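Here is the structure we will look at.
Just follow the structure's listing: the first ligand is 1, and inside any ligand the first atom is 1. Here the structure is a predicted model, which is why all the values come from computation and not from measurement. Numbers here simply count residues along the sequence, with the first being 1.
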Amino acid sequence: MTAKPEHLHHDFNLVLIGFRGTGKTQVGARLARALGRPLVDLDQVLVQEAGRSIAEIVAQDGWAAFRQREKELAARYAASRGLVLATGGGVILDPDNVRALREHGVIIWLTADAATIRERLLKDQPTDEGRPSLTGSDPVQEIEEVLQARLPLYQAAARIIIDTRHRTVAEVAERVLEMVRSRSNTIF
Ligand code: S3P
């Protein structure tokens, strides 16, 4: 990772998608630093604007209300340029989000298998506040089922796919940069 920010020859947003625990926020922070670009983490903005945690929003208003807020934010930031955007794991559930994020952005899917995700979520403290159960069962138990159901959606949305298993955050970020550089002629 270079110390001096590197400038890409385009102002497309770099949009990170993927299941919980694939490192979108941490990789996004690293990329933003390397590129001298702002990082916008949609879940963090959502929580700040709502003044409540995701768990509270979902408990009080339901998932549909959360998804509506998420959609508004996705549309707002998708219209910007030159950002690194970290999204919530369910952003791909709404095709409007994918369409909007693609317009000025290259969508990068960070992948991991269910066992790796389970391990990372168990280590990750904010899990309960930020990641209420998606199905009503335990958030760790439900991984396999939800991941399977979503795989085609992540796959269809992504222009670049990066396996995060056995890679550190720094290594994943470096791989994103390599892929973006090497494909910049064809994808932008
Ligand atoms: C969700 C993932 C969470 C958060 C919300 C819903 C999902 O984001 O947006 O709990 O549907 O997968 P992370 O992927 O950042 O954990």
* Determine whether L134 and R150 make a side-chain contact, defined as any pair of heavy atoms from C-beta on separated by less than 4.5 Å. => yes
* Asked: So, are R181 and E178 salt-bridged, with charged N and O less than 4.0 Å apart?
  -> no
* **pair L147-E142: side-chain heavy atoms closer than 4.5 Å** => no
* To do: Any atoms of ligand 1 less than 4.0 Å from a non-hydrogen atom of P132? List them with their elements.
  => 10 (O)
* Structure fact -> Which of E171, R120, K24 passes side chain to side chain donor-acceptor pair (under 3.5 Å) with T164? Answer is R120
* Asked: Less than 3.5 Å between some nitrogen or oxygen of T87 and one of ligand 1, yes or no?
  -> no
* With atoms numbered from 1 as shown, which atoms in ligand 1 lie under 4.0 angstrom from a non-hydrogen atom of D43? -> 3 (C), 4 (C), 8 (O), 9 (O), 13 (P), 15 (O)
* **Ligand-residue contact atoms, ligand 1 with I54, heavy atoms, under 4.0 Å** => 4 (C), 10 (O)
* Structure fact -> Quick note on ligand 1: atoms under 4.0 Å from a heavy atom of R131 include exactly 10 (O), 16 (O)
* To do: Could you walk me through whether R30 and T25 pass side chain to side chain donor-acceptor pair (under 3.5 Å), step by step?
  => CA-CA 9 Å; R30 189 114 195 164; T25 301; over 6 Å; no
* May I ask you to test the D61-F66 pair for a side-chain heavy-atom distance under 4.5 Å? => no
* Structure fact -> So for L134 against ligand 1, with non-hydrogen atoms under 4.0 Å, the contacting part is side chain
* Considering only heavy atoms, does R150 approach ligand 1 within less than 4.0 Å through its side chain, its backbone, both, or neither? -> side chain
* Asked: What pairs meet the side-chain hydrogen bond (donor to acceptor under 3.5 Å, both in side chains) rule with one or both residues in residues 77-92, with sequence neighbours excluded?
  -> R81-H104
Side-chain donor-acceptor pairs of residues 107-119 under 3.5 Å, sequence neighbours excluded:
| residue | atom | partner | partner atom | Å |
| --- | --- | --- | --- | --- |
| T111 | OG1 | I162 | O | 3.4 |
| D113 | OD1 | T116 | OG1 | 2.4 |

* Numbering as shown, the atoms of ligand 1 that approach W63 to under 4.0 Å (heavy-atom distance) -> 5 (C), 6 (C), 10 (O)
* Asked: Do any heavy atoms of R67 fall under 4.0 Å from ligand 1?
  -> yes
* To do: Number the atoms of ligand 1 from 1 as they appear, then name those within less than 4.0 Å of a heavy atom of K24, with their elements.
  => 13 (P), 14 (O), 15 (O)
* To do: Looking only at distances, please establish whether an N/O atom of ligand 1 is found under 3.5 Å from an N/O atom of G18.
  => no
